[in-house]
Protein chains: 2
Amino acid sequence: MTALHLKTAEIEKATHSDFFNIAVSVDCVIFGYAEKQLKVLLIKSDLEEFKGMWSLLGDLVRINEDLQEAPYRVLLDRTGLKDVYLEQVHTFGSINRHPSGRVVTTAYYSLINLCNHQPKQMENEVHWHPVNEIQKLAFDHKLILDTCLAQLREKIMEHPIVFNLLGEKFSLRQLQDLYEAILGVELDRRNFRKRITLKNWLVDLNEMEEDVPHRPGKLYKLRTQLKKEYQVAQKQNLEGTLV
Amino acid sequence: MTALHLKTAEIEKATHSDFFNIAVSVDCVIFGYAEKQLKVLLIKSDLEEFKGMWSLLGDLVRINEDLQEAPYRVLLDRTGLKDVYLEQVHTFGSINRHPSGRVVTTAYYSLINLCNHQPKQMENEVHWHPVNEIQKLAFDHKLILDTCLAQLREKIMEHPIVFNLLGEKFSLRQLQDLYEAILGVELDRRNFRKRITLKNWLVDLNEMEEDVPHRPGKLYKLRTQLKKEYQVAQKQNLEGTLV
DNA sequence: GCAAAAGTGTTAATCTTACACCCATGC
DNA sequence: GCATGGGTGTAAGATTAACACTTTTGC
């Protein structure tokens, strides 16, 4: 109440200048899907301390950049993809989690269509790894990966987000394989189709699979409305034009 | 692969010294329950820029303090409570969210028993406010409050956390009132009791309410096992001895 | 015609919702 | 005895889980 206790932001900043010495980073768990496996994009750590180990893609947040913008920048830099699907998951801030100093990191996961991703644009040290074969990562990145995967699993039955991992057209079998890869369980085919149908997420394209060595399945796509809400990623090359 | 690209953490720190200039804070949405209303503990902002406005309780993270420890410290300082129930919710980091400089804040919510909380230990400027009467807060704290409340609502039906807001013993009516206060909806009494019974969270104490102007209800408590998992808060006075 | 996967429906069990009456206590 | 809230059960509907056979295609 009394003005005696009020201080201006300038004064507070001076008083607390000791605190303005933490770095904030973002780390992106970039999921992709290929060969019926959920994959994650990793880079060889460039720190001597973690030589030879893989780590998530991340970067320090710039002083003139919103926290939420940073993971989009990382994604654009590393994959050339813009407007990707991103979710903030958790912030990790143990004192010694980073050997370079006090770095608090906010973890995001992203779902991208791995086919849109041109390896030639990638640095050599960036590779896709099957999620369930990863034992160990640099920093606390294994914990971050596990946390993001758990959150992804919780979300996919309620929200139509996995379509970001697939191409425009897909069969119900492909979709089921994807769900099974993410959840790590087998699903009953009839019940799966019933559940998906009930959610009314899909449009029947009246087209069939081609070049399959068995009876071809029908092709579907995500409803346009939902695509706008949950799947806005577009391919973008380095010049910024849409492909 | 090649050692040419490797750098030590020391070198990286020097390279990136421009980045170690962000402050990280935690903001705590401290929920309590009284008079059949969900309340939140707020403090008068001590910044000139937000003079007269209420804000969440928070503090800057210290350089030798884990991020996750900071909200416990804030809770202990402000309420004298130790081992409270705390959940991290989201991290907010817009460039201009704080007038003192670049402050990225991680939001937590906490559930405490408001009766354990001694007003005399509190600074004068700290008060409980009914959540649904709050229109506006300092900084982006209204957004933080709304985000935490939404997460609390999602969690309470699946996890036995609301018991942190109640005393040791309670009637099913008291519990239902609490759920209704948090969710902002009325619940059917019979269905509510059935749901709670099915979850097997409670132990019947074979005691009855007293001093009520109507038929007294049975009293229950949270099962000991669950109490350990979800409700570890103990009253602690400033000398650190358990009350 | 055979291998491989597509496509489809029913039943039982479970969970959810809506809803009404008698009971115990304080006054 | 009356006002107040405590305590209970059932029926209908919705959702979930388990489960098998016929169809279409490529080879």
Side-chain angles (χ1 to χ4, degrees), chain A residues 33-37 153-160 162 166-167 169-221, chain B residues 33-37 153-160 162-163 166-167 169-222:
Chain A
Y33 175 66
E35 294 138 17
K36 299 195 181 182
Q37 290 182 308
R153 284 177 173 162
E154 280 198 5
K155 189 141 183 178
I156 60 175
M157 278 308 184
E158 305 308 316
H159 303 272
V162 301
L166 291 174
K169 304 175 181 183
F170 48 85
S171 67
L172 287 176
R173 159 61 57 186
Q174 287 173 310
L175 187 60
Q176 183 177 342
D177 285 344
L178 172 54
Y179 269 94
E180 291 179 346
I182 295 173
L183 296 171
V185 296
E186 298 208 336
L187 301 172
D188 178 88
R189 188 155 44 102
R190 282 161 294 188
N191 292 337
F192 176 79
R193 294 160 99 96
K194 228 178 304 174
R195 281 172 85 166
I196 295 293
T197 304
L198 279 173
K199 291 190 193 299
N200 200 25
W201 286 347
L202 303 183
V203 175
D204 183 343
L205 289 168
N206 292 313
E207 291 177 55
M208 305 299 266
E209 283 181 304
E210 285 172 20
D211 301 321
V212 289
H214 54 77
R215 174 175 173 181
K218 292 169 104 172
L219 292 176
Y220 297 82
K221 65 167 186 155
Chain B
Y33 176 65
E35 295 139 13
K36 299 194 179 180
Q37 290 183 308
R153 285 176 173 162
E154 279 197 5
K155 190 140 184 177
I156 61 175
M157 278 311 184
E158 306 307 317
H159 304 272
V162 300
F163 304 96
L166 290 174
K169 305 174 180 183
F170 48 84
S171 66
L172 288 176
R173 159 62 57 185
Q174 287 172 310
L175 186 61
Q176 183 178 340
D177 284 344
L178 172 54
Y179 270 94
E180 290 179 347
I182 295 173
L183 296 172
V185 297
E186 297 206 340
L187 301 172
D188 179 88
R189 189 157 45 102
R190 284 160 295 191
N191 292 336
F192 176 78
R193 294 161 99 96
K194 228 178 307 173
R195 280 172 85 164
I196 295 293
T197 305
L198 280 173
K199 291 190 191 300
N200 200 26
W201 286 346
L202 302 184
V203 176
D204 184 342
L205 289 169
N206 290 313
E207 290 177 57
M208 304 299 265
E209 283 180 304
E210 287 172 18
D211 300 321
V212 289
H214 53 77
R215 175 174 172 180
K218 294 169 105 173
L219 291 176
Y220 297 82
K221 66 168 186 152
L222 184 61

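The figures that follow rest on heavy atoms only: side chains count, while hydrogens, waters and symmetry mates do not. In what follows, every chain begins at residue 1, and chains take the letters A, B, ... in the order their sequences are listed.
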Distance col, row B:Q174:CD vs B:Y220:OH, nearest 0.5 angstrom, shows 12.0 Å

Measure the distance from CG on A:L198 to C1' on C:dT8 and round it to the nearest whole Å. 15 Å

Could you tell me how far apart A:M157 (CE) and D:dT15 (P) are, to the nearest whole angstrom? 16 Å

Find which nucleotide of DNA chain D each of A:N191 and B:Y220 is nearest to by heavy atoms, and output the residue with the more 5' nucleotide. B:Y220

Rounded at 0.5 Å granularity, tell me how far CZ in B:F192 sits from CG in B:L172. 7.0 Å

Over all strands shown, is A:R173 touching base, sugar-phosphate only, or nothing at heavy-atom distances under 4.0 angstrom? sugar-phosphate

Report the distance from atom CG of B:D188 to atom P of C:dC15, rounded to the nearest whole Å. 18 Å

Using atom CD of A:E210 as one end and atom C1' of C:dA6 as the other, report the distance to the nearest whole Å. 16 Å

When you measure from the side chain of A:R189, which nucleotide among C:dT17, D:dA18, C:dT8 comes out closest? C:dT8

Spacing of A:E209 atom CD relative to D:dT25 atom P, expressed in whole Å: 12 Å

So which one's nearest nucleotide on DNA chain D is more toward 5', A:V212 or A:R195? A:R195

What is the separation between atom CD on B:Q176 and atom P on D:dG5, rounded to the nearest whole Å? 13 Å

Can you check whether any acceptor in the base of C:dT8 is under 3.5 Å from a donor in the side chain of A:K218, or vice versa? no

Base of D:dG7 paired with side chain of B:R193 (donor-acceptor, under 3.5 Å): no

With rounding to the nearest 0.5 angstrom, report the CZ to CG distance, A:R193 to A:L187. 12.5 Å

Hey, is the side chain of B:R215 pairing donor to acceptor with the base of C:dA24 inside 3.5 Å? no

Within a strict 4.5 Å, meaning less than it, do heavy atoms of the B:E207 and B:K221 side chains meet? no

Using 0.5 Å steps for rounding, measure from the CG atom of A:D188 to the CD atom of A:Q176. 7.5 Å

Rounded distance (Å) that lies between atom P of C:dG7 and atom CD of A:Q174: 11 Å

Testing D:dG7, C:dG9, C:dC19 for proximity to the side chain of B:R190, the answer is C:dC19

Rounded interatomic separation in angstrom, taking CD from A:E186 and P from D:dC19: 14 Å

